[in-house]
Amino acid sequence: MYGRKASQLVKELSSSEKGQLKPFNDDLFNQVIKECSSHHVGLQALFRNMQEEGLDIQTTRNADFYGALIHHLSLTRNKRCLMAYMYNRADVIRSLRWKLGRVLPNELVMKLSNSEKEFSKGYSATLDAYMNEMNLDLTVDMVPPKDPYIQVRVLDDIGEVLLTDRSANLARYSMHFLKRTDAEQYICQGLMEELLS
Amino acid sequence: MESEPGSSDKPSNGMDDFETLISTTDVELLRRAWRNEKAAPEILRFETNLIDRVTGQLQLMEETVDDFVESSIDPLTVSLYQMDLDRTQFLLRSYLRIRLQKIEKFMFHILKTNELHDRLSKQEKNFTRRYSEVIGKHLEESVLLNLPDNYQSLIRQSTTSEEDDMVPEPQMDTFVVCKAREYVGPSELQDSNKSLASDLLMEMEPGELFFIPFKRIKKLLENGKVDLV
C-alpha cells in the first residue's frame, strides 16, 4: 500500500512524548526513500509508454496518465511525510538547545542521525553568533524573575566557580545565596536545585 | 512625556539623577512592544532606537548598582534597584526571544517577503541568513538529495507546483484582543478586500477591549493607534 511506511514515520513522531526524541529511524527512512525512487521509475515508464504511443503528455488523459498521476501524488506525499519527520525532529533539537545549553547529554546525541548532529552544532553556532552580536545571553531569565537572589542547594560537585561578583566553592550539598542569572544555568543542567521555602 | 514612577524608594535629593535613569518611559515602551510582539501572529517592526536606548540604560544601571554595592549603601535599596534592573532585562531578553522564535518558525516566508524582511534588525538578518543555510543544508542532505530530480526543491513540492507550497505562513486571521488608544473610526477598520468592508461598520473608543481578526487591525497597530493585550 503506497504511503503506509511514510505515515508510520509520522506516527512515530506523534507517539513520542512532547520534547522527547526517539532514535533516528534509519531503516524506515531509507525504505521510504526507496519507495520514492520506485515511484519515480514507474512514473517515467508510464510517460514513456504514452510518448511511444504518440500521445501528448500535457493533454492526454488515459489510463497511463492516471497511473502516472498516482505515482506523482504518492511521491509528493512521501516527500511531505519525510520533510515533516525531519523538520519536527529539528524543532525538538532546537528546543533542547534552549533548555539544556550547548553540550547535549550523550544519551541524546546517540539518538540523532549524522546530519542532525551537524544541524544541532550549526544551530548552536548561529545562536551564539547572534547572542554575541547583541551582547546579551538570551538563554537565561526564561521565567519572569521574582527575586534577584535565590537560595540554591548544590546536587553535584562543581568545585570552585567564578560568579558575577565573587567566586564560590560549590561543593555537594552546600547551600548558597546566589544571583538568579548565575544559578540558572546550573539549575537547567540539573546540578543545582532551587530552595523554595 | 511623563515619568513612570520607579519601583524603588523615593531617593534623597542627591540621587535624583539616578531615579531619572531608572524611571523613564522607555521601560513602558519596551513593555508595550513586548506585549504586542507576544500577541501578534506575524513579526512586527524591530524597535531599533528603543532597544539601543534600553541597552544603554541597562548598562548604566548595572554600573550604578555595582557602585552602590561598593560604597555599601543600604542593601534594601540596592536589591530594589537590582530588581528593577532584572525586570527590565527580562523584558528585553523575552522580546528578543519571541522575535527569534517567530523568525525560526516562518523563516522562508520572511526571506521571500521583502516587507517582513525589512522589519528585522541587522543582527536578526544575519541570524536569518545563517540559520536558513544550516537548516537548508540539513534538510537537503537528509531528504531532498535522495529524492528524484524534479522533487528536490526545499520550498516546492515538485517542479510542477505552481507556487512555493511548502512554505508555512503566519495565520493573519487569528483573533487577538486589542485596546484602542485613540478613537478609531469605521473607515480605518477596512480590510484591503473592499467588498467585505460593508459588514464591519464599527468604531473603537479609546480604552475599550475588542476581540478581532488580526489582519483588520494590522495597519492600526503599525500606526500605534491600537495595542494588543
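By convention in this document, chain letters (A, B, ...) are assigned in the order of the sequence lines, proteins followed by strands, and residues within each chain are numbered from 1.
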Looking at A:Cys36 and B:Leu147, what are the two nearest heavy atoms and their distance?
SG-CD2, 3.6 Å
Got a sec, which residues hit ring pair (Phe, Tyr, Trp, His ring centres under 6.0 Å) with A:Phe24, two or more places apart in sequence or on another chain?
A:Phe29, A:Tyr85
With chain B, which of A:Met134, A:Arg94, A:Glu118, A:Arg80 has the greatest number of heavy-atom pairs at distances under 4.5 Å?
A:Arg94
Hey, are the side chains of A:Asn30 and B:Asn146 touching, using non-hydrogen atoms and a 4.5 Å cut-off?
no
Under 4.5 Å to a heavy atom of chain A? For B:Leu100 that would be side chain
Which answer fits B:Ser94, side chain, backbone, both or neither, if we ask what part of it has an atom under 4.5 Å from a heavy atom of chain A?
neither
Side-chain heavy-atom pair A:Met83, B:Leu144 within 4.5 angstrom cut-off
yes
Atom group of B:Leu85 that falls short of 4.5 Å from chain A, counting heavy atoms:
neither
Within-4.5 Å side-chain heavy-atom neighbours: A:Trp98 and B:Arg97
yes
Contacts of A:Tyr123 meeting ring pair (Phe, Tyr, Trp, His ring centres under 6.0 Å) (sequence neighbours excluded), chain-then-number -> B:Tyr131
Counting only heavy atoms closer than 4.5 Å, note whether B:Gln89 contacts chain A via side chain, backbone, both or neither.
both
At their closest point, which heavy atom of B:Val143 faces which heavy atom of A:Ile33, and how far apart are they?
O-CD1, 4.3 Å
Main-chain N/O of A:Phe119 paired with B:His138 side-chain donor or acceptor, under 3.5 Å
no
Please flag which part of B:Lys122 lies under 4.5 Å from any non-hydrogen atom of chain A: side chain, backbone, both or neither.
neither
Looking at A:Ala90, A:Ser37, A:Gly122, A:Ser115, which makes the most heavy-atom pairs under 4.5 Å with chain B?
A:Ser115
Examine whether an atom of B:Glu104 lies under 4.5 Å from a heavy atom of chain A, and if so say whether it belongs to the side chain, the backbone or both; otherwise answer neither.
both
Partner chain B: residue of A:Glu116, A:His72, A:His39 with the largest heavy-atom pair count (under 4.5 Å):
A:His72
Is A:Leu75 close to chain B through its backbone or its side chain, or both, or neither, when contacts mean heavy atoms under 4.5 Å?
side chain
